[in-house]
Amino acid sequence: MSDAERIDALAEMPTRKLLQAGFRPLSRFAIMVSSILVLDPARRRKAIVPRRPVALLSMVKGISKPVSVSLRVTTGRHKVERGAISVSVEFFGLLGRPVAPACRGNRMRFFADPIGNPEIQALYFDVPKGAFWAKVTLCRHVKNRRIGIEGSLRPRRVVSPVSLSLEDALVSRDRRALEYHLAEARLRADRQTGRQVLARFAFLERTPDILLSYRLLEDCDRTITGLAREKNIASDCAACDAGSGYQYTVLFNPYSGTIALSKWLKSEAISLKHVAGTVALEIPSGTDFLLRVLVARSAGLQFRMPDTEQEVPAFDTVDIPWIKSDEVLSI
Amino acid sequence: MSQGQIMDLAATDANRSFEEACVDAKLSLFARGVDLEQAHLLAYYPAVHRNPYQHMLYSAAFEKGFACFPVTSLEEVVAPPVDAPLAVHYHWVHRVFAHARNSREAAKAADHFINLVDGQKEAGIKIIWTVHNLLSHSASFVDAEIELRARLGERADFIHIMNPATVELCGRYYELNASRSFMVPHPSYFGVYGDYISAEQARFDLGIMPEEKTLLLFGSLGAQKGTRDFLAELADLEAVLDMRLRVLVAGQAGDPDYMEEIYGLIADMPSVSLFEKHVDDQTVQTLFRATDVVVCPYSIGLNSGVAATAATFGRPCVVPDILAPAMAGAGTGIVGFNPSDRSSLKVAIGRALEARENPSTERNLVQWSEMQRPRVISRSFFDALRTRW
């Protein structure tokens, strides 16, 4: 038996299982018609994904809500196969002019589950302004093995609110539910939940933006807990006379939330110490108050804050993602 | 591909028959001024192109009167059509099992391979075997591989070892004839990889802050490489060392099921960066220069190109105890651990991080690497071979 025959023989076993489970290859006619983008190759049948990509053109004019393409993906293997197929979407104007996608991702690789228990997976996307057509393309990514699909390449409006609980979302592949819980966690500055959701995202797909978000969150966590643990390196300067210290009113460098907080703090502290030297600081309330407090803490400088407790709640509490104002004020 | 366009070295190798390679070898040696009575041909198998080891080992071949060339199929190896002695040099023999689906097929593949070796010996061809490891990292058919190694060991005229303890250690699994073995160490990678960027630049490129202690696990990802166990113990390691660690894992992705385990482990570890692809020769320097300590958490290992690479870049390396003698002379930068005692790995990493703080560590490693540079080791290899031929 030649090498090629052996590989073919290996490939046949999972394929046979797929056939026994009712999956059928697309007919030549179906593949031909799908090449002109008008036949949904997966609609109302258990289909085996052809070797070459198949695509479907759908009208999406006027859709403002998010839409999704949902599929069940099956492998004849006994274990889950990561990234077995991908679904991607492109947008076009009425006459075929390409339209740039909206910010939400427009391509996703799907897992293939063993026969009998495939999970519904969905690519969610927003229809960009000016789009008339959406071309959804399905592509197989495993060699020498067949993959089965059930579902439709036709985009559907997403109407129902996210119903998955956090616990269920954390074991699901539903990006929309995960995004929802991540946004909720971020609103509450709940870093623990944020970490759990981002870890799930990272398991599903190690995209650069997920890894960056996760790294930034962990850095926030480490920075705040680290500063809280430090032994009174920079104590409040209750004894400072008002007006005697350096007035730290405006940040030297803006904080965008897209860089690690620890790095930004170090960078800002260098600038602050360069200007203020070692004199005590006065940190009046105002824009970026919490950030200025953190900088003073991490710079190891003595500082004086506003006296009245009433002033604190008025400070901008959303200027540092994932951190609550009371955490900053209590360190 | 248009005519004359060369995609890579492997493509050029494949375009020449074994017999033509023998003739080319003789003509090239003659042109080099080698006395035809001194000319030797060496065909090696399997040819591995992404790993530069073979090119390093054979780098002084012509100067020593040898012409070395890869063979893609052992079936085509016959008595050479030129009047020069020929040897077949075997390397990673577990490749014999590449297409075996079960132990029966593995045994059959081994029989076929040994029959070919016997045929080569009957044709007057010498057999050389470099014992890279006790067993392959990716051994799927352990019993069949042990038997294959034993049978090849019986037939090999010359057994090249790179670790002085090889014969003794292999004796646990299969016999190697000590009288037919010769020791020439693993070359360093001095002059092999691009090496021109600074550590600061490398760390900056990878987003590693100066104060972050960074470990590197380098090489193809497979179950026997110990990456999974290392990652599972990373939190413990950080607790023992009382420090946060940045971990770089770089290498060709392995079996999908194994990779799933890796993805699962590192999903909750943003301090672990995974580069799951082949690392090209110009990028190797970035990873090694950016690193404080290289870790080879293998369960078995006689020699390690990764450890030699670490030494070349002056970085301490943690290796299994049995591998340490292969790096003799590298000083305190090579730190051994006992693979059956996981706590010893943590201790070893702590010692290696301390060693990194000492400037003499890097100096000694680089000095070792210069002494073991490929051309020097290659000369030793061919000298040793010629005296035994």
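Remember, predicted model here, so these are calculated numbers, not experimental data. In what follows, every chain begins at residue 1, and chains take the letters A, B, ... in the order their sequences are listed.
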What are the two closest non-hydrogen atoms of B:A267 and A:A202, and how far apart are they? O-CB, 3.8 Å
In terms of heavy-atom contacts, does NZ of A:K263 have more than 12 from other residues, nucleotides or ligands at under 6.0 Å? yes
More than 12 heavy atoms of other residues, nucleotides or ligands under 6.0 Å from CG of B:D242: is that the case? no
For a quick test of reading the model, state the closest non-hydrogen atom pair linking B:V272 to A:R206 and the distance between them. O-NH2, 3.5 Å
Which region of B:I266, side chain (C-beta onward) or backbone (N, CA, C, O), has a non-hydrogen atom less than 4.5 Å from a non-hydrogen atom of chain A, or is it both or neither? both
Which portion of A:R200 sits near chain B, non-hydrogen atoms under 4.5 angstrom: neither
Between A:Y214 and B:D268, is any pair of side-chain heavy atoms under 4.5 Å apart? yes
Which of residues 184-192 of chain A have a heavy atom under 4.5 Å from any heavy atom of chain B? none
Find out whether A:F203 and B:E260 are in side-chain contact, i.e. whether some heavy atom of one side chain is under 4.5 Å from a heavy atom of the other. yes
Sort out for me which of A:E218, A:E81, A:R215, A:Q196 touches chain B most, counting heavy-atom pairs under 4.5 Å. A:E218
Heavy-atom closest pair (B:P270 atom, A:R195 atom, distance to 0.1 Å) is CD-NH2, 4.4 Å
Just wondering, are more than 12 heavy atoms of other shown residues or ligands nearer than 6.0 Å to CZ in B:F275? yes
